[in-house]
Amino acid sequence: EAEVAQSPRYKITEKSQAVAFWCDPISGHATLYWYRQILGQGPELLVQFQDESVVDDSQLPKDRFSAERLKGVDSTLKIQPAELGDSAMYLCASSLGLERINEQFFGPGTRLTVL
Amino acid sequence: AQSVAQPEDQVNVAEGNPLTVKCTYSVSGNPYLFWYVQYPNRGLQFLLKYITGDNLVKGSYGFEAEFNKSQTSFHLKKPSALVSDSALYFCAVRDSVSGTYKYIFGTGTRLKVLA
């Protein structure tokens with residue numbers, strides 16, 4: 001069964017360092033999402049791609065966060081510099097496309113701890 | 001603005017008893033509603049969705065949900081709970097107004113099934 005891959009699974013870093021997360025969506029899925037989930041809360045959308053284009057990044061803290069999906073396949077989310085408040089689970093999800101009312105498929109997530 | 005509310009932080013139920021996890025929604029336009037489940041340190045898994053048609057939607061693992069337009073609710077149900085159903089459950093709505101088609105998640109309800 002096809003799955004969304006994410007790496008690393010866990011990341012511990014110090015404040016002010018740079019971190020990067022990688023996501024490989026299910027093959028053929030045009031839409032890719034990055035979410036941040038604080039412990040015990042619901043996922044919050046950070047950025048949404050349709051192929052290589054950003055559809056929504058209104059909640060992405062652009063002074064420190066960046067995301068790219070250069071070839072419309074895998075994607076990288078970067079934080080520089082990391083802050084204590086960035087400690088959270090970062091989830092990647094994919095779906096077939098914006099025009100379809102399809103479910104999202106989620107990866108296992110990257111748990112970030114900022115010390 | 002599109003939103004969903006999950007009024008209960010936690011629901012406790014005895015194994016074998018029926019369970020209900022509540023969700024209410026507020027949308028402009030047609031409501032496209034979803035339920036997801038999350039196990040510890042894992043990504044979210046899709047359970048079921050409502051797009052149109054029959055108000056009773058059947059999904060994975062014996063779960064079903066009842067769409068009620070007059071009460072703007074989409075409650076998740078299962079006739080007989082299992083200990084293995086213990087997890088975090090999220091209701092979500094797909095934004096069909098802003099043009100981004102993003103998904104908005106509730107705050108989650110922790111289900112605890114007692115043996």
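What you see is a predicted model; the values in this text were computed from it and never measured. By convention in this document, chain letters (A, B, ...) are assigned in the order of the sequence lines, proteins followed by strands, and residues within each chain are numbered from 1.
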Q: Heavy-atom distances under 4.5 Å only: say whether B:Ile51 touches chain A with side chain, backbone, both or neither.
A: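 It is the side chain, since no backbone atom gets that close.
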Q.
Please classify the contact between B:Gln6 and chain A as side chain, backbone, both or neither, with a heavy-atom cut-off of under 4.5 Å.
A.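 Neither the backbone nor the side chain of B:Gln6 comes within 4.5 Å of chain A.
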**Q.** Shortest non-hydrogen contact from A:Gly42 toward B:Phe90
**A.**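 Nearest pair, atom of A:Gly42 first, then B:Phe90: CA-CE2, 3.3 Å.
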Q) Which heavy atom in A:Arg100 sits nearest to a heavy atom in B:Arg94, and how many Å separate them? A)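 That closest heavy-atom pairing would be O-NH2, 3.3 Å.
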In Å, rounded to the nearest 0.5 Å, how long is the span from [atom1] of [X] to [atom2] of [Y]?
{"X": "B:Phe34", "Y": "A:Asn102", "atom1": "CZ", "atom2": "CG", "result": "7.5 Å"}
{"X": "B:Phe105", "Y": "A:Leu91", "atom1": "CZ", "atom2": "CG", "result": "9.0 Å"}
{"X": "B:Arg42", "Y": "A:Phe106", "atom1": "CZ", "atom2": "CZ", "result": "13.5 Å"}

Count I, L, V, M, F, W, Y as connected when their side-chain heavy atoms are under 4.5 Å apart, and connections chain through other members. Are [X] and [Y] then in the same cluster?
{"X": "B:Phe63", "Y": "B:Leu33", "result": "yes"}
{"X": "B:Leu48", "Y": "B:Val4", "result": "yes"}
{"X": "B:Leu76", "Y": "B:Phe46", "result": "no"}
{"X": "A:Val4", "Y": "A:Leu46", "result": "no"}
{"X": "B:Val21", "Y": "B:Tyr61", "result": "yes"}

Q: Take atom OH of B:Tyr39 as the centre, draw a 6.0 Å sphere, and report whether it contains more than 12 heavy atoms from other residues, nucleotides or ligands.
A: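 Counting neighbours around OH of B:Tyr39, more than 12 heavy atoms of other residues, nucleotides or ligands fall under 6.0 Å, so yes.
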Q) Does atom CG of A:Leu115 have more than 12 heavy-atom neighbours from other groups under 6.0 Å away? A)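 Enclosed: over 12 neighbouring heavy atoms sit under 6.0 Å from CG of A:Leu115.
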Q. Are the side chain of B:Tyr36 and the backbone N or O of A:Gln104 linked by a donor-acceptor pair below 3.5 Å?
A.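 Between the backbone of A:Gln104 and the side chain of B:Tyr36 there is a qualifying donor-acceptor contact (under 3.5 Å).
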Q) Does any N or O in the side chain of B:Lys102 come within less than 3.5 Å of the main-chain N or O of A:Tyr33, such that one atom is a donor and the other an acceptor? A)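 A pair under 3.5 Å: no.
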Q: Output every pair passing disulfide (SG to SG under 2.5 Å) with a member in residues 23-99 of chain B, not counting sequence neighbours, ordered by first then second residue.
A: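 Those involving residues 23-99 of chain B are B:Cys23-B:Cys91.
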Q) Using non-hydrogen atoms and a limit below 4.5 Å, what part of residues 75-83 of chain A faces chain B? A)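 So far as heavy atoms go, nothing in residues 75-83 of chain A approaches chain B to under 4.5 Å.
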Q. Which of residues 49-69 of chain A get closer than 4.5 angstrom to chain B, counting heavy atoms alone?
A.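 Counting heavy atoms that sit under 4.5 Å from chain B, the residues of residues 49-69 of chain A involved are A:Val55, A:Asp56, A:Ser58.
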Q: Give the intermediate values and the outcome of side chain to side chain contact (heavy atoms under 4.5 Å, CB included) for residues A:Glu103 and B:Trp35.
A: CA-CA 9 Å; A:Glu103 63 270 25; B:Trp35 276 102; over 6 Å; no
Q. Looking at B:Asp9, B:Ile104, B:Leu44, which has the largest count of heavy-atom pairs under 4.5 Å with chain A?
A.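 Result: the option with the highest number of such pairs is B:Leu44.
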Q | Close aromatic pair by centroid cut-off 6.0 Å: B:Tyr103 and A:Tyr35 | A |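 Between B:Tyr103 and A:Tyr35, the centre distance exceeds or equals 6.0 Å.
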Q: Please name all residues satisfying salt bridge (charged side-chain N to carboxylate O under 4.0 Å, His left out) with A:Lys71, sequence neighbours left out, ordered by chain then number.
A: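 Once residues adjacent in sequence are excluded, A:Lys71 has no partner under the salt bridge (charged side-chain N to carboxylate O under 4.0 Å, His left out) criterion.
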